[in-house]
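Everything on this sheet refers to the single structure shown next.
No hydrogens, no waters, no symmetry mates; every other heavy atom, side chains included, goes into these values.
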Number of protein chains: 2
Amino acid sequence: MGKRGKSNRFNVFLNYKLWLSSMSGDGIISEVVYTLLNGIRDKGSLKAAAEAAGISYRKAWGDLKQAESMLGYDLTEKTRGGKKGGHSELTPAAKKLLEAYAALQEKLDDAVEEAYLELKKKMEN
Amino acid sequence: MGKRGKSNRFNVFLNYKLWLSSMSGDGIISEVVYTLLNGIRDKGSLKAAAEAAGISYRKAWGDLKQAESMLGYDLTEKTRGGKKGGHSELTPAAKKLLEAYAALQEKLDDAVEEAYLELKKKMEN
DNA sequence: CACCGATATGTTTATCTTTGCATAACGGCA
DNA sequence: TGCCGTTATGCAAAGATAAACATATCGGTG
């Protein structure tokens, strides 16, 4: 075995987070909102989506509301009462946003991965 | 004036944050650490760097310490006492990290900008 | 029409993060 | 050797964020 090898390994991960905000920076659409939208699409209710996301219903509802108010249009159509007590579903705008966001994330995942490899190469020397 | 124009503008900004972490997820090297390292390089002391970064010395010191412990090697060489009461400077490893990080950030800024334009185009329809 | 389960929202509690305060150690310098 | 300004570090206080709790409303359904 040579002296080279696992010696100075840059053993660290590169993480990133992205979110949308208004120019004033107040309202935001964060990762959790995307998770919630996905959950609503799959489960048909905000409650179930919140549970699946592991956050309180109170927060889920508040985050979603603020996202909608920031955008200026609805992402969900919600009803109370009815057969199952109520339900929520995505608006066409929300579906479009989810699609666009998925593409965005994929693109950035790639860019980050690439950048990470370069960083690593530079650091490992 | 035509009907087209500022109608459905996707008036929202894309933000991102990145950081390095160990696989165990305990320690992290965040934006503030890079800011601090830059400050230390420029000002020669952690205290001054913390002030410039707008965070408490206590946090600056803690974050830096945890970053170093995560990496397993020092990013700064610090001395107490002496002519000016003490000072801090970057290790060669830290300088390398700063350089690599700057390149990384530039690359990702570009990628994010590009992805944002695409997102916008998709959303504006 | 009483019940169920989900939306809607205010209020209180708990948790997590950051700051602030206190105190010690250090080493040139007057 | 006493002072100064910085690093070093524990601990309490303050702020921010999220969870929990408490109701109220709604509209099918038994």
Side-chain angles (χ1 to χ4, degrees), chain A residues 15 17 19 21 24-70 74-91 94, chain B residues 15 17 19 21 24-70 74-91 94:
Chain A
N15 316 275
K17 193 198 300 196
W19 69 98
S21 71
S24 42
D26 46 347
I28 63 164
I29 302 186
S30 63
E31 202 80 36
V32 317
V33 171
Y34 290 104
T35 307
L36 287 173
L37 291 179
N38 269 300
I40 289 171
R41 186 196 47 202
D42 295 349
K43 323 250 179 183
S45 91
L46 177 54
K47 187 178 194 300
E51 267 162 26
I55 63 177
S56 68
Y57 175 83
R58 189 63 181 74
K59 174 168 162 59
W61 176 83
D63 282 11
L64 190 54
K65 178 175 185 170
Q66 133 168 301
E68 292 179 329
S69 106
M70 187 191 92
D74 285 354
L75 293 171
T76 56
E77 201 174 316
K78 301 175 244 184
T79 67
R80 305 193 268 196
K83 50 187 140 194
K84 299 218 60 185
H87 74 280
S88 301
E89 56 185 312
L90 300 187
T91 61
Chain B
N15 315 275
K17 194 197 298 193
W19 70 97
S21 71
S24 42
D26 46 345
I28 66 164
I29 302 186
S30 63
E31 202 80 34
V32 317
V33 172
Y34 291 104
T35 307
L36 287 173
L37 291 179
N38 270 299
I40 289 172
R41 187 196 46 201
D42 295 348
K43 324 248 178 185
S45 92
L46 177 55
K47 187 179 196 299
E51 266 161 26
I55 64 177
S56 68
Y57 175 84
R58 190 63 183 76
K59 173 168 162 59
W61 176 82
D63 282 10
L64 190 54
K65 178 174 187 174
Q66 133 168 303
E68 292 178 329
S69 108
M70 187 191 91
D74 286 353
L75 294 170
T76 56
E77 200 174 315
K78 301 175 247 185
T79 67
R80 306 192 268 195
K83 50 187 137 190
K84 299 219 58 183
H87 75 282
S88 300
E89 57 185 311
L90 300 187
T91 62

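Taking atom CD of A:Gln66 as the reference point, atom C1' of C:dT9 lies 15 Å away to the nearest angstrom. One atom, CD of B:Glu77, and another, C1' of D:dT7, lie 14 Å apart when rounded to the nearest Å. Look at NE2 on A:His87: it is 17 Å from C1' on D:dT25, rounded to the nearest Å. One atom, CD of B:Glu51, and another, P of C:dT19, lie 13 Å apart when rounded to the nearest Å. In this structure, A:Leu36 places its CG atom 16 Å from P of C:dA6, rounding to the nearest Å.
Remark: side-chain polar atoms of B:Glu68 are paired, donor with acceptor, to backbone N or O of B:Thr76 under 3.5 angstrom. Proximity of a side-chain donor or acceptor of B:Thr91 to a complementary backbone N or O of B:Leu75 within less than 3.5 Å is detected.
A close approach under 4.0 Å does not occur between any side-chain nitrogen or oxygen of A:Trp61 and OP1 or OP2 of C:dT7. When the side-chain nitrogen and oxygen atoms of B:Lys59 are compared with OP1 and OP2 of C:dT18, one or more of them lie within a distance under 4.0 Å. Put simply, A:Ser88 has a side-chain N or O that comes within less than 4.0 Å of OP1 or OP2 on C:dT7. Here A:Lys78 does not reach the OP1 or OP2 of D:dC26: none of its side-chain N or O atoms lies under 4.0 Å away.
Around CD of B:Glu31, the count of heavy atoms belonging to other residues, nucleotides or ligands within 6.0 Å exceeds 12.
For A:Leu46 against A:Trp61, the heavy-atom pair with the smallest separation is CD2-CA, 3.8 Å. Heavy atoms only, all atoms of each residue included: A:Ala53 and A:Leu36 are closest at CB-CD2, 4.3 Å.
With D:dT7, C:dA8, C:dA6 as the candidates, the nucleotide lying closest to the side chain of A:Lys47 is C:dA6. Comparing atom distances between the A:Lys83 side chain and each of C:dC26, C:dT9, D:dG28 picks out D:dG28 as nearest. Side-chain proximity of A:Tyr57 to D:dT9, C:dA8, D:dT6: nearest is C:dA8.
Toward the 5′ end of DNA chain C lies the nearest nucleotide of B:Ile55, the other residue of the pair B:Gly82 and B:Ile55 mapping further downstream. For A:Ala60 and A:Lys84, each mapped to the nucleotide of DNA chain D holding its nearest heavy atom, the one lying further toward the 5' end belongs to A:Ala60.
The closest side-chain heavy-atom distance from B:Lys78 to B:Leu64 is below 4.5 Å. Side-chain contact check for B:Met70 versus B:Gln66: every heavy-atom pair is 4.5 Å or farther apart.
Counting atom types as modelled, A:Arg58 pairs a side-chain N or O with a base atom of C:dG10 as donor and acceptor under 3.5 Å.
Listed in residue order, the members of residues 39-46 of chain B having a heavy atom less than 4.0 Å from DNA chain C come to none.
Heavy atoms of B:Gly86 sit under 4.0 angstrom from primed sugar atoms or phosphate atoms, though from no base atom.
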